[in-house]
Number of protein chains: 2
Amino acid sequence: MQIKIEMLRCFVAVARTGNLSDAAEILGRTPSALSMMLKQLEDNLGQSLFETDRKNRLSALGAFVLEQAERELQQFDGMVQDIVNFAKAKSGKVRLAAVPSVANTILPGVIARFLSMHPDVHLELWDMDSPSILRELAKDRVDFGIASTQGYPTAFHCQPLFSDRFGILCHRSSGLLLKRQNLSWEDLRQERLIANNLSQSIQVPACQQLHSDAGLRVHNITSLIAMIRNKVGIAILPETTAQMLNADEICFIPLPEAGIQREIELIKKSETSPSPAALELERTILEFVQSRQI
Amino acid sequence: MQIKIEMLRCFVAVARTGNLSDAAEILGRTPSALSMMLKQLEDNLGQSLFETDRKNRLSALGAFVLEQAERELQQFDGMVQDIVNFAKAKSGKVRLAAVPSVANTILPGVIARFLSMHPDVHLELWDMDSPSILRELAKDRVDFGIASTQGYPTAFHCQPLFSDRFGILCHRSSGLLLKRQNLSWEDLRQERLIANNLSQSIQVPACQQLHSDAGLRVHNITSLIAMIRNKVGIAILPETTAQMLNADEICFIPLPEAGIQREIELIKKSETSPSPAALELERTILEFVQSRQI
DNA sequence: AATTTGCTTCAGGAAAATTGAAATGCAGAT
DNA sequence: ATCTGCATTTCAATTTTCCTGAAGCAAATT
């Protein structure tokens, strides 16, 4: 017979109460069960844990064991609690990478909600462009990402979240606003287009034509916005990007052709099983997106 | 079902080996037993600990549990070992008080032997006179004492160790040495007796007579010895005290009357059960004394 | 001395763990 | 795709461990 946690728990209860019946009450056992269990423990150690067969005075060995056992039980129960909390996503760590537009629009709400339900989870969020997100994912540096694979096939598991249609971002003083109901590609050709990585990847001929004519290309979104704000030109960007901005100065106009959009997806390595906390955040995001789309 | 140490042990073995059969081999169980035990653990947590039903890749929860469980098992096994060591007197602490003569004669040998057999036991030794030893014992400041109760009844449990006969301590130039074969009380009356606490307590009339005539009383043994060394006078002391000294200058002569002696005893509080280490030292002392008396 | 209190022991029964055999389910090979 | 071999799971039977309630003791109390 080995020394087991239950024996220690039994001994500690008896040592604390000073008698079998009270300890039995606490543990939900009969005194005889405790008596036998203590006997086992004593047989193990080859010595008595108590002075007499009355359990109200510890032997030197008993005092030593009590001290050790109390510490150990606390330790053990703490560990079990930690594990359970982790499993219930009440603790743990989630690392998330998302494209800036999503990080700035829907994530704040989702994260606030998630953290209020799981206050002890440690959450890390990075924003970066889609290719970087895929790289981080491959290196296992994030639990999952929110990005667009743009139709490129990847080894990752992708779950569509929503479609993010492209449109024109222009200054509110732009003449395009007047034509917004029946905008044509020809109208756009009259404007100065500020190209960027996202708009560049649109696979529609008319749009690609516009880009080949564009004389200005800006990679950084905030710089690009500053350009528009100063009426340097217009840009083609997804709608969520527009939502990041103060609508007072800059306006969003849908493209002349419908169906030009990027698909925002929740992306994760399919092999690695997520931590419970990550799974829970994922669930929260999906739920949030679905409720928003109604 | 609760989480138990055995579950963790099982999980750690499987996680380490990466498969059930090897782990089963190690634990001395069948794979099916481990499978069921893991299932229990997983049911407890509500999640899988492994990626697939092959046990070679841990889930995020599994990785977390492995880390916790390994630490905990080490902790637990360490504690069990500590307790067993304590019970086997391989560790622990013993506090011992002894009269100086014993501390200086037989204890060095006993303690050397005890410590060589129990290298991790912490041993504390004080020397003091018998009344102080009894006081320390009463205050539970020592585990046991080696002293003489001098026939005074005490509440302690006393085990006789050996008899320590009284005799004369005199300088080697003393004339008493010539008469040592048939010394009389009258011979002693010719000498200057240096009285001391131990000799004072001898209940023999002739001896008490000597003491009432004594004009010098020295309490501290080392001072008393210095007196004898300088031929100030003679003293009546137990034989073990004489053994502490270099025999070159000072000699021991038995008293004219036989049977004048103090009983050296091993004294302990009967109620408190000793620590295993104390018990073991006690055993060593008894054994040593018995072997020496043959 | 009688009673109460508290522990131990015992035998039977309940619960849990373990086993071996058979079934299932993957993964790599055909 | 299907087959094959290995690892895991499942199942029923068995063994082991644990628990209970009754009876018996011993110490403390009346």
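Numbers restart at 1 for each chain; the letters A, B, ... are given by sequence-line order, proteins then strands.
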Where at least one partner belongs to [range], residue pairs that pass salt bridge (charged side-chain N to carboxylate O under 4.0 Å, His left out), sequence neighbours excluded:
range	result
residues 31-52 of chain B	B:Lys39-B:Asp43
residues 23-35 of chain A	none
residues 113-130 of chain B	B:Lys93-B:Glu124, B:Arg113-B:Glu287
residues 72-90 of chain B	B:Arg9-B:Asp77

Taking [atom1] from [X] and [atom2] from [N], how many angstroms apart are they, rounded to a whole number?
X	N	atom1	atom2	result
A:Leu27	D:dT20	CG	P	11 Å
A:Glu51	C:dG6	CD	P	19 Å
B:Arg29	D:dT8	CZ	P	18 Å
B:Glu42	D:dT8	CD	C1'	12 Å
A:Phe50	C:dG6	CZ	C1'	13 Å
A:Leu34	C:dT8	CG	P	10 Å
B:Asn56	D:dT8	CG	P	8 Å
A:Glu25	C:dG6	CD	C1'	15 Å

Query raised in the report: Do the charged groups of B:Glu136 and B:Arg95 touch, with an N to O distance under 4.0 Å?
Result: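 Looking at B:Glu136 and B:Arg95, the cut-off is not met.
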Query raised in the report: Salt bridge between A:Asp140 and A:Lys269, side-chain N to carboxylate O under 4.0 Å?
Result: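 Salt bridge between A:Asp140 and A:Lys269, a charged N being under 4.0 Å from a carboxylate O: yes.
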Query raised in the report: What residues, two or more places apart in sequence or in another chain, satisfy salt bridge (Lys or Arg N to Asp or Glu O under 4.0 Å) together with A:Arg71?
Result: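 Salt bridge (Lys or Arg N to Asp or Glu O under 4.0 Å) list for A:Arg71, sorted by chain: empty.
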List, with names and distances, any nitrogen or oxygen atoms from the protein found under 3.5 Å away from nitrogen or oxygen atoms belonging to nucleotides 12-15 of chain C.
none

Query raised in the report: Can you check whether B:Ser35 has a side-chain N or O nearer than 4.0 Å to OP1 or OP2 of D:dT9?
Result: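 For D:dT9, OP1/OP2 do have a side-chain N/O of B:Ser35 under 4.0 Å.
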Query raised in the report: Is the phosphate of C:dA17, meaning OP1 or OP2, less than 4.0 Å from a side-chain N or O of B:Lys39?
Result: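 Indeed not, no polar side-chain atom of B:Lys39 lies that close.
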Query raised in the report: From C:dG20, C:dA17, D:dA22, pick the nucleotide closest to the side chain of B:Met1?
Result: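 Closest nucleotide to the B:Met1 side chain: C:dA17.
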Query raised in the report: Which listed nucleotide (D:dT20, D:dC18, D:dT8) is nearest to the side chain of A:Gln40?
Result: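 Of the candidates, D:dC18 comes closest.
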Query raised in the report: By side chain to side chain donor-acceptor pair (under 3.5 Å), which residues pair with B:Ser91, not counting sequence neighbours?
Result: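 By the side chain to side chain donor-acceptor pair (under 3.5 Å) rule, B:Ser91 matches no residue at all.
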**Report entry** For A:Lys4, all residues meeting side chain to side chain donor-acceptor pair (under 3.5 Å), sequence neighbours excluded
**Finding:**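 For A:Lys4, no residue satisfies side chain to side chain donor-acceptor pair (under 3.5 Å) once neighbours in sequence are set aside.
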Query raised in the report: Quick one: bend of the helix from C:dA1-D:dT30 to C:dT30-D:dA1 from 5 pairs per end, to 10°?
Result: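 What I find for the helix from C:dA1-D:dT30 to C:dT30-D:dA1 is an axis angle of 30°.
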Report task. Using a cut-off of strictly less than 4.0 Å between a heavy atom of the residue and any atom of DNA chain D, enumerate the qualifying residues of residues 3-14 of chain B by number. Result ->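 Going residue by residue through residues 3-14 of chain B, none turns out to have a heavy atom under 4.0 Å of DNA chain D.
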Query raised in the report: Hey, is the main chain of B:Met128 close enough, under 3.5 Å, to the side chain of B:Ser132 for a donor-acceptor pair?
Result: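 The answer is no, because no donor-acceptor pair under 3.5 Å joins these two groups.
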Could you give the distance from [atom1] ([X]) to [atom2] ([Y]), rounded to the nearest 0.5 Å?
X	Y	atom1	atom2	answer
A:Leu107	A:Phe288	CG	CZ	9.0 Å
B:Phe11	B:Gln40	CZ	CD	15.0 Å
A:Lys139	A:Leu137	NZ	CG	11.5 Å

Taking only distance into account, with no hydrogens and no angle test, what donor-acceptor pairs under 3.5 Å do side-chain atoms of residues 55-66 of chain A form with protein atoms, sequence neighbours excluded?
residue : atom : partner : partner atom : Å
A:Ser59 : OG   : A:Ser48 : O            : 2.9
A:Ser59 : OG   : A:Leu49 : O            : 3.2
A:Ser59 : OG   : A:Leu61 : N            : 3.3
A:Ser59 : OG   : A:Gly62 : N            : 3.0

Polar pairs (N or O, both sides) under 3.5 Å between protein and nucleotides 26-30 of chain D?
residue : atom : partner : partner atom : Å
D:dA27  : N3   : A:Arg54 : NH2          : 3.4

Query raised in the report: Counting any heavy atom closer than 4.0 Å, what does A:Ser21 reach on the DNA or RNA strands: base, sugar-phosphate only, or nothing?
Result: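 Sugar-phosphate, backbone atoms only, no base.
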